[in-house]
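To start, the structure under review is shown below, and the notes come after it.
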Amino acid sequence: MVVEEGTPKSPEAKLGLEVEDLWDVQEPQLSPTEKLNACFESIPVSQFPQTSSSEVIEIRSDASLGEAVRLLSQNKLLSAPVVDVDAPEDSSWIDRYLGIVEFAGIVVWILHQSEKKDGLDAAEVFARALQESTGPAVAAAASGMSSPRYRSSQPGSPKTAGNFFELLTSSDFYKNTKVKDISGTFRWAPFLALQPSNSFLTMLLLLSKYRMKSVPVVDLGDKKIENIITQSAVFHMLEECVDLQWFKSWGSKKLHEIGLPLMKSNRIIKVEEDEPVLQAFKIMQEKGVGGVPVVASGGGNKAVGNISIRDIQFLLIAPEIYKDYRSITAKNFITAVKSYLEKNQKGSALMSEMVSCRKDDTLKDVILKLDSLKIHRIYVVDNEGKLEGLITLRDIISRLVHEPRGYFGDFFDGILPIPQNSRV
């Protein structure tokens, strides 16, 4: 294949061109999906572009929760692998790592602690203890502020001052709680990882059918993670490929022509705009989803916004939000987050903004939009703005490739525990 002058030379674009070359030599009798399966099976994940930083950021198991949050914040990361500092030097990679910890997971862990307490009084005591050491916003996240008795015991608007991360790292509660103390709540503990020789097809199936959020690639020789392939990185790779011939047979088609959205409106977990925002986070925790749409009150399924699990940070760090944390609704929370981001210039993409498309949009349109905003989900709406479905990276991958019969074999043997929401 001749590469025209001026063709993008990004690592993702080069991968797309490699797929193009492999595509051209596939047997003509194969279906497009079978051809793409064969192409991705021929490319090892060692060729996937490295993370933006020169090395993978790791968190020590003896770090405090405050230190972990600060490290994630400084490096603009949502999650990071945790290294077991007590592991022997000759331990295998699976014994060297405890799992992957996420910022949102640390906050959700607090929620779990209040649920483990026996009875309402114990939950109140826990909330008060948190308030003494970390401030009322964290206490609100811990208890969900659902107890009338707790609300009546804390009259008036709480006084707040300082920066959340400063409170977090200076509090005795977070100094005394180590990352290893909450290892049982980690995602994939121990997590599933790929070897550099594993294929792109394996990686794509783990991100789609087996619902992994990111896929670490481990060098067995060094026993270290050498790359972490995220959903955002895969979206960017697809964005770099939208004009290549192998992708055009999918990308030029309208969503409804390729069977998207897979998830229909009646299956989408959502909250109404006048419900407390804490209810939205509780639903995400209970259902194991990364975000929920906010719909207008009174039925009708009209979408007015979106709340992501990542947005829980604004409950803790934005003064205009945590001063009203007890009563703020989902709708007002979204408005407050937008205002906070505009004032503090936290980036161009507003996390709580409702990103939508139509069934007549093409797959290329959707991929370009998702990549530009660095998000993983998009809602399908009709002409009146009513929800018709949800599309994620997993849905898109499922339309590009498929899992051959017996493909994984004993791949999952010895990897425990398997996530509850997996299909293994």
Sub-4.5 Å side-chain heavy-atom contact between S356 and V380: no
Residue list, salt bridge (charged side-chain N to carboxylate O under 4.0 Å, His left out) with K359, at least two apart or on another chain: none
Nearest atoms (heavy-atom pairs only) where R211 meets R394: O-NH2, 3.1 Å
Exercise: do Q47 and E18 side chains pair donor with acceptor under 3.5 Å: yes
Aromatic plane relationship, F200 with F40 - under 30° parallel, 30 to 60° tilted, over 60° perpendicular: parallel
Side chain to side chain, I396 and I367, heavy atoms closer than 4.5 Å: yes
Partner of D395 under side-chain contact (heavy atoms from CB on, under 4.5 Å), chosen from V366, L262, I378: L262
Main-chain N/O of P276 paired to Q279 side chain as donor or acceptor, under 3.5 Å: no
Shortest non-hydrogen contact from P216 toward S214: CD-O, 3.7 Å
Salt bridge (charged side-chain N to carboxylate O under 4.0 Å, His left out) against E403, all qualifying residues, sequence neighbours excluded: K209
K224 atom NZ, over 12 foreign heavy atoms within 6.0 Å: no
Test: K35 cationic atom under 6.0 Å from W246 six-membered ring centre, within 45° of axis: no
Salt-bridge present (K14, E20; N to O < 4.0 Å): no
Step-by-step side chain to side chain contact (heavy atoms under 4.5 Å, CB included) determination, K270 to L387: CA-CA 10 Å; K270 48 188 174 285; L387 284 175; 4.2 Å; yes
Side-chain touch I229/V234, heavy atoms, less than 4.5 angstrom: yes
Derivation and outcome, side chain to side chain contact (heavy atoms under 4.5 Å, CB included), residues H402 and N37: CA-CA 7 Å; H402 69 278; N37 263 34; 3.3 Å; yes
With F235 via ring-ring contact (aromatic ring centres under 6.0 Å, His included) - residues at least two apart: none
Main-chain N/O of T335 paired to S339 side chain as donor or acceptor, under 3.5 Å: no
F408 and L206, any side-chain heavy atoms less than 4.5 Å apart: yes
Test log, rule side chain to side chain contact (heavy atoms under 4.5 Å, CB included), inputs K180 and R60: CA-CA 8 Å; K180 62 183 177 182; R60 290 170 55 93; over 6 Å; no
NZ (K264) with more than 12 external heavy atoms under 6.0 Å: yes
Heavy-atom side-chain proximity of L220 to K223 below 4.5 angstrom: no
Over all atoms of both residues, closest heavy-atom pair of V242 and L368: CG2-CD2, 4.3 Å
Min side-chain heavy-atom separation V217-I225 under 4.5 Å: no
Residues E102, K213: salt bridge by 4.0 Å N-O rule: yes
I59 and its side-chain contact (heavy atoms from CB on, under 4.5 Å) partner, picked from L71, I100, L77: L71
Backbone N/O of V85 and side chain of S61: donor-acceptor pair under 3.5 Å: yes
Atom pair CD/NZ of E272 and K302 - distance to nearest 0.5 Å: 14.5 Å
Geometric class of the F247/W250 ring pair [parallel <30°, tilted 30-60°, perpendicular >60°]: tilted
Side-chain heavy-atom pair I334, K331 within 4.5 angstrom cut-off: no
Separation between CD1 of I43 and CG of L15, rounded to the nearest 0.5 Å: 6.0 Å
Inter-residue atom distance D365.CG - L255.CG, 0.5 Å rounding: 8.0 Å
Salt bridge K369-D361, side-chain N to carboxylate O under 4.0 Å: no
R377 side, atom CZ; I268 side, atom CD1 - distance, nearest 0.5 Å: 9.0 Å
Point-to-point distance, once rounded to the nearest 0.5 Å, from SG of C241 to NZ of K364: 12.0 Å
Pair Y97, D84: side-chain N/O donor-acceptor within cut-off below 3.5 Å: no
Atom pair CG/OG of L205 and S398 - distance to nearest 0.5 Å: 10.5 Å
Worked verdict on T329 versus D274 for side-chain hydrogen bond (donor to acceptor under 3.5 Å, both in side chains): CA-CA 5 Å; T329 63; D274 58 358; over 6 Å; no
Least distance between heavy atoms, A68 atom then V179 atom: CB-CG2, 3.7 Å
Test item: E12 and P49 side chains (from C-beta on) under 4.5 Å apart, heavy atoms: yes
Distance-minimising heavy-atom pair for E226 and P196: OE2-CG, 3.4 Å
Flag for S199-E41: side-chain donor and acceptor within less than 3.5 Å: yes
Working for side chain to side chain contact (heavy atoms under 4.5 Å, CB included), residues Q195 and V218: CA-CA 5 Å; Q195 298 178 36; V218 173; over 6 Å; no
Backbone of L72 reached by a side-chain donor or acceptor of N75 within 3.5 Å: no
Closest contact, heavy atoms only, H376 versus L370: C-CD2, 4.4 Å
